[in-house]
There are 2 protein chains.
Amino acid sequence: MARSDVNAGPEDYPLTAAERVANELTEIILRDLAPGASIPSEADIASRFEVSRLTVREAVKMLVGRGLLHIGRGRRAVVREPDSSVFAALLVSIVRNDPKGLFDLIELRMAMESLSSGLAAKRASRAGVQAIDAAMRDMRASAAEAADGENPEAEARFHESDLQFHEAIAMASGNRVIAFIFEAMAKPLRESFVMSRRGQTLRGAGRVETVEAHQAILDAIRAGDQRAAVDAMRAHLKSTELDIRSHLASGVAAA
Amino acid sequence: MARSDVNAGPEDYPLTAAERVANELTEIILRDLAPGASIPSEADIASRFEVSRLTVREAVKMLVGRGLLHIGRGRRAVVREPDSSVFAALLVSIVRNDPKGLFDLIELRMAMESLSSGLAAKRASRAGVQAIDAAMRDMRASAAEAADGENPEAEARFHESDLQFHEAIAMASGNRVIAFIFEAMAKPLRESFVMSRRGQTLRGAGRVETVEAHQAILDAIRAGDQRAAVDAMRAHLKSTELDIRSHLASGVAAA
DNA sequence: CCATAGAACATATCAGATAGGTGTGAGGGG
DNA sequence: CCCCTCACACCTATCTGATATGTTCTATGG
């Protein structure tokens with residue numbers, strides 16, 4: 001079996017007690033326990049594995065770090081719905097440690113969003129479309145406020161609703177894996193926005209175009225036109241990418 | 001800022017000391033420490049944050065779970081290159097808890113691989129192409145052995161080299177995010193293969209076709225023909241998907 | 001029948017102690 | 001003078017035991 005152990009690493013060495021417990025717990029959780037179920041108490045597990053409660057504690061903490069468990073004080077640890085924040089941290093780590101990491105991310109994002117946009121057109125629920133529409137309205141509102149010059153707060157909201165729009169489409173695709181990954185991607189993307197704001201306003205002149213592009217995508221999804229949705233999304237992302245590229249280039253030059 | 005805390009969950013409650021330390025450590029690591037660097041000793045961190053060593057220990061364990069640190073006995077914890085195994089566990093959790101999770105995964109995989117195949121054609125290094133070729137050869141060898149009927153071991157190797165082939169392409173794409181995600185995807189895919197083998201031989205008759213399809217992809221990548229690489233990959237995955245679909249359908253019927 | 005105060009249980013965190021793995025530097029041999 | 005070796009200092013692994021605090025269940029009194 002491929003290494004997927006807690007604390008898997010380059011060196012080979014005997015597993016610590018805590019790691020052993022963590023791995024066995026992981027299997028039990030993935031195999032037998034649905035999200036929402038709670039695991040036995042620390043003392044219970046401790047006696048079952050014949051280790052001290054503290055060792056169990058460390059093992060449980062590892063699984064918390066992995067995003068498999070949630071601990072509330074005074075109650076038993078609960079199995080958690082997979083949470084994208086753990087993956088998000090990993091993505092941030094990749095993006096930060098690689099000069100072209102952000103571009104890699106955007107490159108993949110384009111492919112994923114072309115897909116999710118088409119899928120959303122094919123099978124978005126009414127609620128899904130409404131969520132996209134809501135983001136759309138937020139965007140228009142903040143765009144109007146941000147239009148008249150200096151309004152960093154509205155600009156931030158504009159960007160946020162931009163991300164919301166795309167996230168809503170990912171959700172509406174009905175593909176949980178896509179939704180999960182996209183949600184995680186939002187974190188490094190948000191960060192890059194914060195960084196970029198130090199230099200200048202991102203796409204200051206492009207807000208109207210962005211809103212229009214979004215509208216076109218939403219219309220295609222509403223109409224259930226898969227091909228149009230894919231094309232509209234692709235066009236939108238292509239122009240966005242160019243913006244970011246030129247922006248980051250100037251940003252690097254400024255730094 | 002969006003919640004990306006260790007142990008972030010539905011409930012709101014004051015962070016425990018360990019969580020606080022974990023979050024602050026995470027920031028320090030992501031901001032200041034490159035992979036390979038080691039963090040201060042537990043005692044050191046404990047005095048700095050004014051908590052007991054045990055609390056630091058728990059915090060560190062959470063980060064180990066997150067895949068950000070690696071602990072070796074007797075030495076300081078080391079910052080780790082992002083490791084896909086953590087994400088892989090999350091994917092397994094998604095796939096297992098959702099009846100159509102595997103299809104979602106395959107759906108996304110198709111989009112990602114069409115992309116990575118094209119990227120590989122555009123910018124694969126010589127070493128990258130060699131890795132793909134190596135998987136190709138493994139595949140031919142095991143296909144030959146598996147051809148004459150009952151040889152489950154060769155069949156397993158065939159499937160493994162199949163995955164290797166695709167993974168090598170993901171690597172050759174030069175996109176670290178794609179490589180990372182694809183590596184993680186392999187785990188649930190491998191699992192589904194193991195499950196499927198219980199019923200019948202997967203694509204027993206399709207091995208020759210698979211090898212040929214792979215060869216076509218490799219040729220396109222070698223030739224640097226981006227469009228051909230994308231098309232070949234897409235065609236290959238499409239037929240694979242149909243196989244898996246019909247296979248799982250019969251598997252479900254049998255169960 | 002319902003509300004509420006404890007009792008019972010669970011986690012959070014600390015202190016202190018022992019065991020055993022790692023790395024380093026002093027000193028001896030070549 | 002360089003290299004090897006071994007003891008010691010440092011570090012993590014794990015345990016025991018104790019206190020604090022939050023949660024859940026239950027029995028009792030209104």
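Since we're looking at a predicted model, the values are computed, not measured. In the text below, chain A, chain B and the rest are named by the order of the sequence lines, each starting its count at 1.
- Between the side chain of B/Ser41 and the backbone N or O of B/Asp44 there is at least one donor-acceptor pair closer than 3.5 Å.
- Distances shown here put every side-chain N or O of A/Arg57 at or beyond 4.0 Å from the OP1 or OP2 atom of C/dT11.
- Distance A/Leu54 CG to C/dT18 C1': 14 Å, rounded to the nearest Å.
- Between B/Lys61 and A/Arg53, it is B/Lys61 whose nearest contact on DNA chain D lies nearer the 5' terminus.
- Atom-to-atom, CD of A/Glu42 to P of C/dA8 comes out at 21 Å; the value is rounded to the nearest Å.
- Rounding to whole angstrom units, CD of residue A/Glu50 and C1' of D/dC15 are separated by 15 Å.
- Between A/Arg75 and D/dG22, a side-chain N or O to OP1/OP2 separation shorter than 4.0 Å is absent.
- Screening residues 125-137 of chain B for side-chain hydrogen bond (donor to acceptor under 3.5 Å, both in side chains) gives B/Asp133-B/Arg137 as the qualifying pairs, with residues at least two apart or on separate chains.
- With hydrogens and angles ignored, the 3.5 Å screen pairs a side-chain donor or acceptor of B/Asn175 with a backbone N or O of A/Asp104.
- Taking atom CZ on A/Phe49 and atom C1' on D/dT14, their separation rounds to 17 Å, with Å as the unit.
- Of the listed nucleotides (D/dC11, C/dT11, D/dC15), D/dC11 has the atom at the smallest distance from the side chain of B/Arg76.
- For the pair A/Arg73 and C/dA12, the criterion of a side-chain N or O lying under 4.0 Å from OP1 or OP2 is not met.
- Note: CD (B/Glu58) to P (D/dT14) measures 14 Å, nearest angstrom.
- Separating the CD1 atom of B/Ile71 from the C1' atom of C/dG21 is a distance of 14 Å, rounded to the nearest angstrom.
- The side chain of B/Ser52 approaches C/dC14 more closely than any other nucleotide in the set C/dT13, C/dC14, D/dT14.
- Judged as a ring-ring contact (aromatic ring centres under 6.0 Å, His included), the pairs with a partner in residues 75-96 of chain B (not counting sequence neighbours) are, in order, A/Phe87-B/Phe87.
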